[in-house]
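To start, the structure under review is shown below, and the notes come after it.
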4 protein chains.
Amino acid sequence: MRDSSSDFGLLDPLSHDSRSRELTSDGAWLQAMVDVEVALIRSLVRARLVPDWMDDVAESISFAGDLDAGAIAADGRGGGNPVIPLVKQLGAHADQRRAGASDSVHVAATSQDVLDSAAMLVSRHSITEISRQLDTLAGSLAQLANLHRASPLAGRTLGQHASPTSFGLVVAGWLDGVLGARRRLDEVNAALPLQFGGSVGTLGVLFDIARARRTDAAPDQVVSEVVVDLAGRLALHAPDSPWHTNRIPIVELGAALAGVVGAIGSMAIDISVLSRTEIAEVSERLGAGEGSSSAMPHKRNPVTAVLLIASARRAPALVATLFDSLVAEDQRPSGAWHAEWTALRELLRLAIDAATAAVSLAGRLDVDVERMRSNLEFTDGLIYSERVATILAETLGKSDAFELVAEASREAVRTNRPLRVVVSARLAGADHDDELRARVWGAFDPDASLGSASAIIDRVLARARGQL
Amino acid sequence: MRDSSSDFGLLDPLSHDSRSRELTSDGAWLQAMVDVEVALIRSLVRARLVPDWMDDVAESISFAGDLDAGAIAADGRGGGNPVIPLVKQLGAHADQRRAGASDSVHVAATSQDVLDSAAMLVSRHSITEISRQLDTLAGSLAQLANLHRASPLAGRTLGQHASPTSFGLVVAGWLDGVLGARRRLDEVNAALPLQFGGSVGTLGVLFDIARARRTDAAPDQVVSEVVVDLAGRLALHAPDSPWHTNRIPIVELGAALAGVVGAIGSMAIDISVLSRTEIAEVSERLGAGEGSSSAMPHKRNPVTAVLLIASARRAPALVATLFDSLVAEDQRPSGAWHAEWTALRELLRLAIDAATAAVSLAGRLDVDVERMRSNLEFTDGLIYSERVATILAETLGKSDAFELVAEASREAVRTNRPLRVVVSARLAGADHDDELRARVWGAFDPDASLGSASAIIDRVLARARGQL
Amino acid sequence: MRDSSSDFGLLDPLSHDSRSRELTSDGAWLQAMVDVEVALIRSLVRARLVPDWMDDVAESISFAGDLDAGAIAADGRGGGNPVIPLVKQLGAHADQRRAGASDSVHVAATSQDVLDSAAMLVSRHSITEISRQLDTLAGSLAQLANLHRASPLAGRTLGQHASPTSFGLVVAGWLDGVLGARRRLDEVNAALPLQFGGSVGTLGVLFDIARARRTDAAPDQVVSEVVVDLAGRLALHAPDSPWHTNRIPIVELGAALAGVVGAIGSMAIDISVLSRTEIAEVSERLGAGEGSSSAMPHKRNPVTAVLLIASARRAPALVATLFDSLVAEDQRPSGAWHAEWTALRELLRLAIDAATAAVSLAGRLDVDVERMRSNLEFTDGLIYSERVATILAETLGKSDAFELVAEASREAVRTNRPLRVVVSARLAGADHDDELRARVWGAFDPDASLGSASAIIDRVLARARGQL
Amino acid sequence: MRDSSSDFGLLDPLSHDSRSRELTSDGAWLQAMVDVEVALIRSLVRARLVPDWMDDVAESISFAGDLDAGAIAADGRGGGNPVIPLVKQLGAHADQRRAGASDSVHVAATSQDVLDSAAMLVSRHSITEISRQLDTLAGSLAQLANLHRASPLAGRTLGQHASPTSFGLVVAGWLDGVLGARRRLDEVNAALPLQFGGSVGTLGVLFDIARARRTDAAPDQVVSEVVVDLAGRLALHAPDSPWHTNRIPIVELGAALAGVVGAIGSMAIDISVLSRTEIAEVSERLGAGEGSSSAMPHKRNPVTAVLLIASARRAPALVATLFDSLVAEDQRPSGAWHAEWTALRELLRLAIDAATAAVSLAGRLDVDVERMRSNLEFTDGLIYSERVATILAETLGKSDAFELVAEASREAVRTNRPLRVVVSARLAGADHDDELRARVWGAFDPDASLGSASAIIDRVLARARGQL
């Protein structure tokens, strides 16, 4: 038997601040399955395929809390999924309400119809929460990008100082990623499909029942109305065809969720890097006891950023498992479907946790603009080399300018002198006029080095306003 | 030194019938990089930032075949990517055409701008080919689905006969997957973005040059015009912001490609299963020497289906690598970017190969409708149990009907008698009238068992017509 | 706040019959962490670095059930891992037992020392259970292989009948896989390492304390003795060096666990295929209510095999996550370590569940040797083509024999006649003597077609005896 | 048709300095396949199952360069693998040498026997090269670890300064990882198995031929001798059983290769971090033109480290593909086997490239011990907090000492004063004697802070000596 003292989040720290477990727990999944069964009853009532009084029965069995969830889970071992024992319990409850009512429960459906549709409902609720968090996050990032649009810091490529950029642009890059991930999640959310095909995808039972019980309409017509009505009740998309073994909807959902986790991970790794002791340009504001260490009294760790990176490292493999399940044989595959369940749930959890923690992190981000400025001095001017070459190119041509600055850079490093001094000396030696040297000297100005950063930020902010 | 006698597709059989290598070879990639550099020159000419005569120079250096590709590849080791040596060669060629022309080559761009944009061009060409193949595939599948809309075969779940379905519906399911994957690929294709941000994403050099060379317009305006013009020339989307470390576009592309490969894989595994010796309902028509074995003279292997399954098993891991690269630090990450290159290319190749091979497979699919019918007899009627129960439910109620048929099924297996006989006997024993028995007897009719299959097929076919 | 009504195995059916949750629950993990802390106290007592009476205190705090586990998990959010709040609670409990005792708790250790070592203990307990199950499984398979060493069935390659083999050899193949996976797991198990390095891997605090409190011995000597003693107490291997960022031990463990799951998955997919309605050579014996369907009264699904396949499809991605974490920077990485926790636990769970379910499946496998024989007739002799060609080769040479049989096979298919008849006719037409035709006729004998199957089985069985 | 102008390493920079393409090219694979066929002929000669003169023929067809490799690759499309056309060409060449010789080519083997065994040969050659490089690497690292055993630098956890460690210990950690990965690779290498089972694993053809041609010995005996002799000729392990669908050998090989790549990746990411502009404690010595940028004249990128990180990010997904292929049905699976080929080859390439580049990187690593020392000052003493607390604990007890230092750390940050001053003042304020303050003052000494680093280094070096 399963150990009753189950998991309480010991190895999943981010889960403690988020609604991920509430929204995706076994209890939530079970309720979603019940919601599907109940909605099906109501659609059948409306289509006059089961008695009117089933509406009352449906109401009376609509709360998953009344079920013996443990027994359903355990009995799922025998049938390979929890729907069979669920239907049995629901039927018993229905019969208690009114004898014979169980005959109108789970009519025309197969296990996969219920489990897949429930997965869509759980995903819908999870995405609602993720979207809510992402909106808040995007708002914070938009504010931050705007505020720091002219705060220069060292742009870094391959870990090396490259050219100056603005912190606002860095944040706009995070925002751009979050907006992109959010947009895709919205698209996927709007298309979350109902699953309803019956045992082999023909809706054969529903068809036969419609033929038997509804002489006033063509069975195909009745079938189609039930599908549309059921989709409407569950606020899911009514697909052209059952998708028992066409799992494109699942991989699109999984990819969108992993996009969210990854976009946040990209922000988190930047924060983690910029928080490094030697860089210290941003820091995660910590409450009492947060970020501390069991060994080192002074430690103030960027805990949230680190845990967000960890989340983003876990998501890709789960996506792979879902894509692997595209290769699904027959009318219900032998394992490919079953392998999806926990991978999808884990992705939902990672995304809720990540979005929630990112909101917290963005709201607690201390930005040290002075440190950003002073770090620009680390290379004694080398970080302006591209800009210097650009200015010199107007006079010398690009190639010669590049070569001159490259050589000057090497000399500056070798002789431990500022680049501006070395370049200036070389220009003087080559009889260039003072005006050129003055212009070059002016290149070493962080505030004048930001190019189109501000305009780019504006475009991203405009999109954020449009999208949120 | 690299062995010159490189790979010729020994381990990649599907590549031999497709354009995958042509479209994604190093040569194709190099040409795409040249295309980006040439388009940039032209955009700069148009913006009056470099001399008019550079249009001629651009023309003269626009053919990658003139470059020493091997040297570019080898020298890429030193700088970490092939753009640096490419720019050097392009500059030398430009200077040969007109002295000083190299000063107007690769202006304002960084390596990643060129490589990422080239990747988008290669992807564009690949997607064009994939789409072309998918259209043909969808056409074949639509025809097949229509033709076999009323061809009954055993629906199978978890490997077991479940209820009858129609082969047309099975094919419509494949088509549904292909259409879904195709739709997503279209969306991604339409949004393939230009990469252009300069060294750290500010477009600082372009901004400075615009300021220096164009006194008639605000630099931000000039910058923006160049970006839009360049995107237009390359037929790429002009993004709000550079995406050097926001890799959502890459994961969306990768996921879409893997969706194509997986949707085809789902068709392939069905064909592989239905081709099994004991099932033999479909077979891959083979040419001389195809599908044979080195050991067994009689062997006729469903080679294409098998190789398509293999492709679909390779794609998910490559997608995971791309998602992993979402976690990209700084203004250009230390490894995350570099890890994408071959993963993306491999996904392009798998998708081209798979789409091409699927067209071939769909065109050579022999369907044995007689065998499908005779296989329905394998269980001596058990496959109609759901339908029998549905009919009985009208009289007995669903629960009792289900129970009766379940017991009858066990008895039929135990006593090795047809289900219809056992059920009939049980009904007779329970004093049910002849009319009910007649109706039950009628349930054992494959042609009457297809439910809404035909209507579902029509919906999918309508979507196919609308989408293609 | 975290939802208290957590998961009860709804989406993990195999967990209900196994000890996986008991052995790897948060409670088990917490107890393992306490075990490490307690053992550390005892090693320090023994090394005379903390007072003797700490042995009593250690005893008194050694039961994780006394802790407020929920608070530890929730507070782990703040510090990024659960060790910090654990140490705080343990210290408080220790001080209650004897004032000042908390000063001797968690001495010289860092969070990662405790969590990694605890992971090794949880892994040890899990592997003990896995090994126990694998032994039983191997025993069953050995018996089955022996029993069916001469039971012929169709060997199938790429889904097609190829040549006859024996079911005993098929089972010996499963056994071979299980033995290989088991052997590797044993090796890994024997080498599970203690983690103990202090905050940055120098064991600096332990060294300083040894210098301060033990004037009778060189600090390095004392340090080394503590490490060896601690490893001994926990029955772990004392490594040369801390492995905070050298995660080879973790990937070796993860790969060994995934090997177990995959080897079982290989057995499961064979059973799933051989259970197909049209093949029906083996079946999973089902209890009441097992293997049934919510829709089809007659359904008897091979549920355990299917769920085992699902497990084997989930494991590879988790292994990838672990390998990804090899790239771990600094003295403790920012996320790579944290990403391992749940991936490792999930692999442990999958392996325990899979091994346990495989024992059950092997014990409930019905083998229908008659069906195997009759299925050999499916191709009307084609399955013997290799054998016929081999016999003919003695007279005609291999190439001509192969060609003759290949042509005869095509003719047999085309004319719907048995291969033996067609070959015989061709031989007669070519004036071959009756003796050759008789020999060829004799080739169509399943019992004479098994080659060295029996000898191979014997070798595998001998290894099983040696290894178990 | 396949584009002949194939790949020349444009997207794989590390391949240009290594033997990876030479050792794993299609040509190498083809030669290995020929080697297997040739060795099989010789083993059959020796067993007197084919004529003696076949030794000469074998010699004459032993060079893959004589074959039309392109045709073999292209024709592999038809049969699903390249062995069938290879055998045809080999047979034709053999017949040219001596009529009828083709009858003794590829006797008793199936395609998978040849391809799998060839994969083992290619792996063997690759591992030999990897091992050679790893030995050199380990030698360099051992030297470096020894040299810098007492060079203090900041130990960093979660990106933050933690406590001092020595650079020698950091390097010993890299070495420890490399030695671990190397040891596992050795184990796997020693066990690389021959594949030889015939079409369905029974070695039925060999058995039948032995019975027909060798009346002097039991067929099983002859079969066994051929297997052992063939394994010996190819220097492969003779397994108990064919492993056509037991792919444990493949996943063990793949995991070992990914271990190598990942262990090197761990070294590379450390170098990448320590090379950051603000840290600058190590740097990759660059030749002319190396590490430069297309945009920034001053750029000196740690290119090799970056490319090694990229390699380590690509390997995990490939391992996952191999583990996925453990789930292999029948006697030869429909796709699982085929999916392994390129994944395994890519892992071999990544490992050769990584090992080779790591040797280069380790040989060009400039270590700036002065910078390491000065970086220790970044926190104005906070990095010694653990040590200070340890010393104070001797007087105050651990808890009070930890609390005092934690508070002092916060005060030091708040007031921007050195930790030593703040602690000293607090001690003075609490009437502690000068002797304690002097001891605390002494804690701020990097050279005295290295704990057991040197002893740990010695242990790793000793293992390196033992293992290499």
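In the text below, chain A, chain B and the rest are named by the order of the sequence lines, each starting its count at 1. The structure presented is a predicted model; accordingly, all values stated were derived computationally and were not measured. All heavy atoms count here, side chains included; hydrogens, waters and symmetry mates do not.
Distance CG/Asp220(B) to OG/Ser452(A): 4.0 Å, rounded to 0.5 Å. A distance of 10.0 Å separates OG1 in Thr245(A) from CH2 in Trp174(B), rounded to the nearest 0.5 Å. Between atom OG of residue Ser241(A) and atom CG of residue Leu175(B) there is a gap of 9.0 Å, rounded to the nearest 0.5 Å. Rounded to the nearest 0.5 angstrom, Phe402(B) CZ and Asp103(A) CG are separated by 12.0 Å. Atom-to-atom distance recorded for Asp176(A):CG and Ile248(B):CD1 is 9.0 Å, nearest 0.5 angstrom.
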- Might you work through the side chain to side chain contact (heavy atoms under 4.5 Å, CB included) test for Arg332(A) and Gln160(B), ending with a clear yes or no? CA-CA 10 Å; Arg332(A) 183 155 317 115; Gln160(B) 304 301 302; over 6 Å; no

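Proximity to chain A is absent for every atom of Ala315(B), based on heavy atoms less than 4.5 angstrom apart. Contact annotation for Ala154(B): only backbone heavy atoms (N, CA, C, O) come within less than 4.5 Å of a heavy atom of chain A. Looking at Arg183(B), only its side chain comes within 4.5 Å of chain A, counting heavy atoms on both sides. Residue His161(B) does not touch chain A at all, counting heavy-atom pairs closer than 4.5 Å. Using a 4.5 Å cut-off between heavy atoms, Phe207(B) touches chain A through its side chain atoms alone. Heavy atoms closer than 4.5 Å to chain B are found nowhere in Ala462(A), neither backbone nor side chain. Proximity to chain A (any heavy atom under 4.5 Å) is shown, for Pro249(B), by neither the backbone nor the side chain. Neither the backbone nor the side chain of Ala256(B) comes within less than 4.5 Å of any heavy atom of chain A. Contacts between His244(B) and chain A at a heavy-atom distance below 4.5 Å are absent for every atom of the residue.
Ranked by heavy-atom pairs under 4.5 Å with chain A, the list Arg156(B), Gln112(B), Glu329(B) is led by Arg156(B). Between chain A and the options Ser449(B), Gly177(B), Gly198(B), heavy-atom pairs under 4.5 Å are most frequent for Gly177(B). For the set Ala455(B), Ala263(B), Ser199(B), Ala401(B), the entry with the most heavy-atom pairs within less than 4.5 Å of chain A is Ser199(B). Annotation: maximal heavy-atom pairing with chain B below 4.5 Å, among Ala162(A), Gly173(A), Ala453(A), Ala258(A), occurs at Ala258(A). Chain B forms the most heavy-atom pairs under 4.5 Å with one residue out of Asp95(A), Thr321(A), Thr165(A), Leu203(A), and that residue is Thr165(A). Among the candidates Asp240(B), Ile391(B), Leu326(B), Asn246(B), the residue making the largest number of heavy-atom pairs closer than 4.5 Å to chain A is Asp240(B). Ranking Ser104(B), Ala255(B), Ala393(B) against chain A, the residue ahead of the rest is Ala255(B), based on heavy-atom pairs under 4.5 Å. Per-residue counts of heavy-atom pairs under 4.5 Å with chain B were compared for Val107(A), Val251(A), Leu450(A), Val319(A); the largest is that of Leu450(A). Counting heavy-atom pairs closer than 4.5 Å to chain A, the top-ranked of the candidates Arg184(B), Arg459(B), Arg247(B) is Arg184(B). Your options are Ser454(A), Gly265(A), Gly204(A), Gly262(A), and the one with the most heavy-atom pairs under 4.5 Å with chain B is Gly262(A). With chain B as the partner, the residue from Ala443(A), Gly180(A), Ala336(A), Ala328(A) showing the most heavy-atom pairs under 4.5 Å is Ala328(A).
Each of Ile269(B), Ile264(B), Val261(B), Asp270(B) was checked for a side-chain contact (heavy atoms from CB on, under 4.5 Å) with Val327(A), and the lone residue meeting it is Ile269(B).
Side-chain atoms of Lys398(B) do not come within 3.5 Å of backbone N or O of Ala101(A) as any donor-acceptor pair. The main-chain N or O of Ser399(A) is never found under 3.5 Å from a side-chain atom of Ser102(B) such that the two would form a donor-acceptor pair.
In summary, Glu394(A) and Arg213(B) engage in a salt bridge, as defined by a charged side-chain N under 4.0 Å from a carboxylate O.
For the 3.5 Å distance criterion, the side chains of Thr390(A) and Asp208(B) fail to qualify, holding no donor opposite an acceptor. No donor-acceptor contact under 3.5 angstrom links the side chains of Gln331(A) and Thr157(B), judged on distance only.
Of all heavy-atom pairs spanning Phe323(B) and Gly259(A), the tightest one is CE2-N, 3.7 Å. Scanning all heavy atoms of the two residues, the minimum distance from Gly201(A) to Leu169(B) falls at O-CD2, 3.5 Å. Residues Pro316(A) and Ala320(B) come closest through the heavy atom pair CB-O, 3.4 Å.
Using a 4.5 Å heavy-atom cutoff, the side chains of Ile456(B) and Thr202(A) are not in contact.
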